[in-house]
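Take a look at the structure below.
Quick caveat: nothing in here was measured; it's all calculated off a predicted structure. One is the number of the first residue; the rest follow in order along the sequence. When reading the values below, keep in mind they use all heavy atoms of this one structure, side chains included, and skip hydrogens, waters and symmetry mates.
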Amino acid sequence: MELGSTLFTAVGTFVRKNLTWGAQRRSFRTQELIEKLKEGKDREGSLRDLAKLGVHARPAGVVVVESLASDDWEVRVAATLTLGFIQYAEATDVLISQLAEVSDWRRVRASARALGRLHAERALRPLERLAVGHWYPPVREAASQAIRVIRGEASYPEEPSTSEFFWHVHRGERLKVPSRPFLDLGPDELPAISLAQRIYAAKVLDTNEHPWRMKLVSQKPRCGLRVSDGYLLGDERGEWGGELVHQRDDATETHVFHRNVWGIHRLGPHIIVVTGLAHLGGNEGRLYRVFPQGETFGAEFWRELPGAPECSGWLSDGRLYIECLGGAVLVSPEGDFELAEPDTFQAG
């Protein structure tokens, strides 16, 4: 009996020491990740690592909430998901408010997932509205699943996986439109014959020399729009990049931004630029709003598309159509999206 008691005591001591050591290690790691977030170092990676720590990373809740206002929209999505994994219930109200987000559907989906993990009963009503009213099916599905989880009818995997944080990269590919409608040019958009006559200076990476370097080349645009003092011109070169250029009538040029440009359109009071890229593991599509700024133009993020764009243009009824890897959308001047079903237009 005495030997058994001694062995039991020794095992208990060993377990307690290891539990204490494990708690200390998780606490140290949480603090380390908090500091990285505050310093702006690898913010997405730090958020994913906090999520893996689960409830042990709750002390990071305040700084994760601060990341919801990041200027990097990828960080905003990652922070939203992380709040659910670390069980930071104090963020429930801000997560509910994000369900009404119109600029980025990914953040809406992530908010629904996080609220489900938090079993936030007061989110049920807004989730129910989302489950029937959002324009994008994957968001409606996320809201429906969150409702079931909150009601105890379903559950999520306990451990965060890479797919949870990168799901939106492969989003909705099953929604790809099987037939493409006839698309026309909109007001002030340049036809192919005019685009063929225009050239602008583009910065491209020269891989024929070592070391690689940037050089200027003459670039023909894939799309263009007439503006008061010249043209907005754009091109996309896949993984090698693209740009939006303001070319004035006096032949001077300003590069507005460097992204792959698929289309430039006047939409109500706005000029919007369709951008995006699908390459290797990436799949991104965004609309930027372009506005006069001094003697040239500025640009700001406006809406997240359901994947990289493949084409954009105008339907015969005057609606703007944008086809993406994750589905095709109709865009209103207010920025509202409607999923373009095959029966809503006549295929070309």
Side-chain angles (χ1 to χ4, degrees), residues 103 180-204 217-238 240-278 284-325 328-337 340:
S103 297
R180 182 170 296 174
F182 173 78
L183 299 176
D184 205 350
L185 295 173
D188 297 323
E189 294 177 20
L190 301 185
I193 190 170
S194 297
L195 292 171
Q197 297 169 359
R198 307 218 67 84
I199 292 176
Y200 65 86
K203 294 180 180 179
V204 301
V217 300
S218 295
Q219 180 68 52
K220 287 186 179 295
R222 68 165 286 130
C223 54
L225 186 77
R226 178 68 179 170
V227 293
S228 60
D229 63 345
Y231 303 89
L232 287 172
L233 305 172
D235 190 52
E236 65 85 23
R237 297 181 294 278
W240 303 110
E243 58 280 312
L244 178 70
V245 174
H246 175 209
Q247 187 179 77
R248 302 173 188 84
D249 288 328
D250 63 7
T252 58
E253 297 176 353
T254 301
H255 282 232
V256 180
F257 61 66
H258 293 273
R259 296 182 70 85
N260 281 307
V261 174
W262 290 80
I264 310 170
H265 308 284
R266 290 192 185 277
L267 181 65
H270 309 295
I271 296 176
I272 65 164
V273 181
V274 183
T275 74
L277 171 67
E284 175 191 270
R286 289 180 177 175
L287 298 181
Y288 282 82
R289 188 177 71 87
V290 174
F291 49 86
Q293 189 174 71
E295 296 183 353
T296 185
F297 289 85
E300 63 182 3
F301 168 76
W302 195 46
R303 295 290 187 271
E304 185 76 18
L305 292 168
E310 296 189 313
C311 70
S312 64
W314 298 89
L315 298 176
S316 59
D317 61 7
R319 293 180 296 173
L320 180 62
Y321 170 97
I322 304 175
E323 186 173 323
C324 307
L325 287 184
V329 292
L330 304 173
V331 189
S332 76
E334 295 74 31
D336 296 324
F337 282 6

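- Among residues two or more places apart in sequence or in another chain, the side chain to side chain donor-acceptor pair (under 3.5 Å) test is passed with D229 by H246.
- Shown here for S312 and H265, the closest heavy-atom pair between the two residues is OG-NE2, 2.8 Å.
- Between the side chain of D184 and the main chain of G313, no donor-acceptor pair closer than 3.5 Å is present.
- Formation of a donor-acceptor pair under 3.5 Å by the D235 side chain with backbone atoms of G242 is not found in this model.
- Every pair passing salt bridge (Lys or Arg N to Asp or Glu O under 4.0 Å) that includes a residue from residues 289-303 is listed here, sequence neighbours excluded: R289-E300.
- Here the straight-line distance linking atom CG of L190 with atom CG of L233 works out to 6.5 Å at 0.5 Å rounding.
- Here the shortest heavy-atom pairing between A299 and V256 reads CB-CG1, 4.2 Å.
- A heavy-atom distance below 4.5 Å is not found between the side chains of F337 and L330.
- The two residues L305 and V329 come nearest to each other via the heavy atoms CD2-CG2, 4.2 Å.
- For the pair V245/L232, no side-chain contact is recorded, criterion being any heavy-atom separation below 4.5 Å from C-beta on.
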For R237 and R222, run side-chain contact (heavy atoms from CB on, under 4.5 Å): C-alpha distance rounded to whole Å, both residues' side-chain angles, the deciding distance at 0.1 Å, then the answer.
CA-CA 10 Å; R237 297 181 294 278; R222 68 165 286 130; over 6 Å; no
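- Considering CZ of R198 and CD of Q219, their distance stands at 14.0 Å, rounded to 0.5 Å.
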Can W302 and L267 be said to form a side-chain contact (heavy atoms from CB on, under 4.5 Å), step by step?
CA-CA 12 Å; W302 195 46; L267 181 65; 3.9 Å; yes
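- Counting heavy atoms of neighbouring residues, nucleotides and ligands inside a 6.0 Å radius, atom NZ of K203 does not exceed 12 of them.
- Considering only heavy atoms from C-beta on, Y321 comes within 4.5 Å of L183 through its side chain.
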Report the C-alpha separation of L244 and F297 in whole Å, then their side-chain angles, then the decisive distance to 0.1 Å, and conclude whether the side-chain contact (heavy atoms from CB on, under 4.5 Å) test is met.
CA-CA 10 Å; L244 178 70; F297 289 85; over 6 Å; no
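- Of the charged side-chain nitrogens involved, none lies within less than 4.0 Å of a carboxylate oxygen, so that R248 and D250 do not count as a salt-bridged pair.
- Atom CZ in R226 sits 14.5 Å away from atom CD in E189 (nearest 0.5 Å).
- Heavy atoms only, all atoms of each residue included: W314 and G186 are closest at CD1-N, 3.2 Å.
- For the pair F301 and S103, the minimum side-chain heavy-atom distance is below 4.5 Å.
- Closest heavy-atom contact between D249 and G230: OD1-CA, 3.4 Å.
- Two residues are said to be in side-chain contact when any heavy atoms from C-beta on lie closer than 4.5 Å; L287 and I322 meet this criterion.
- Within the model, atoms CG of L277 and CH2 of W262 stand 8.5 Å from one another, a figure rounded to the nearest 0.5 Å.
- Using a 30° and 60° split on the angle between ring planes, Y288 and F257 fall in the tilted class, from 30° to 60°.
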Kindly determine whether V290 and L225 satisfy side-chain contact (heavy atoms from CB on, under 4.5 Å), including the steps that lead there.
CA-CA 12 Å; V290 174; L225 186 77; over 6 Å; no
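- Side-chain N or O atoms of Q247 include none that pairs as donor or acceptor with a backbone N or O of A201 at under 3.5 Å.
- Applying the salt bridge (Lys or Arg N to Asp or Glu O under 4.0 Å) test to pairs two or more places apart or on separate chains, those with a residue in residues 261-271 are D188-R266.
- Of all non-hydrogen atoms in V261 and C223, the two that sit nearest each other are CG1-SG, 3.6 Å.
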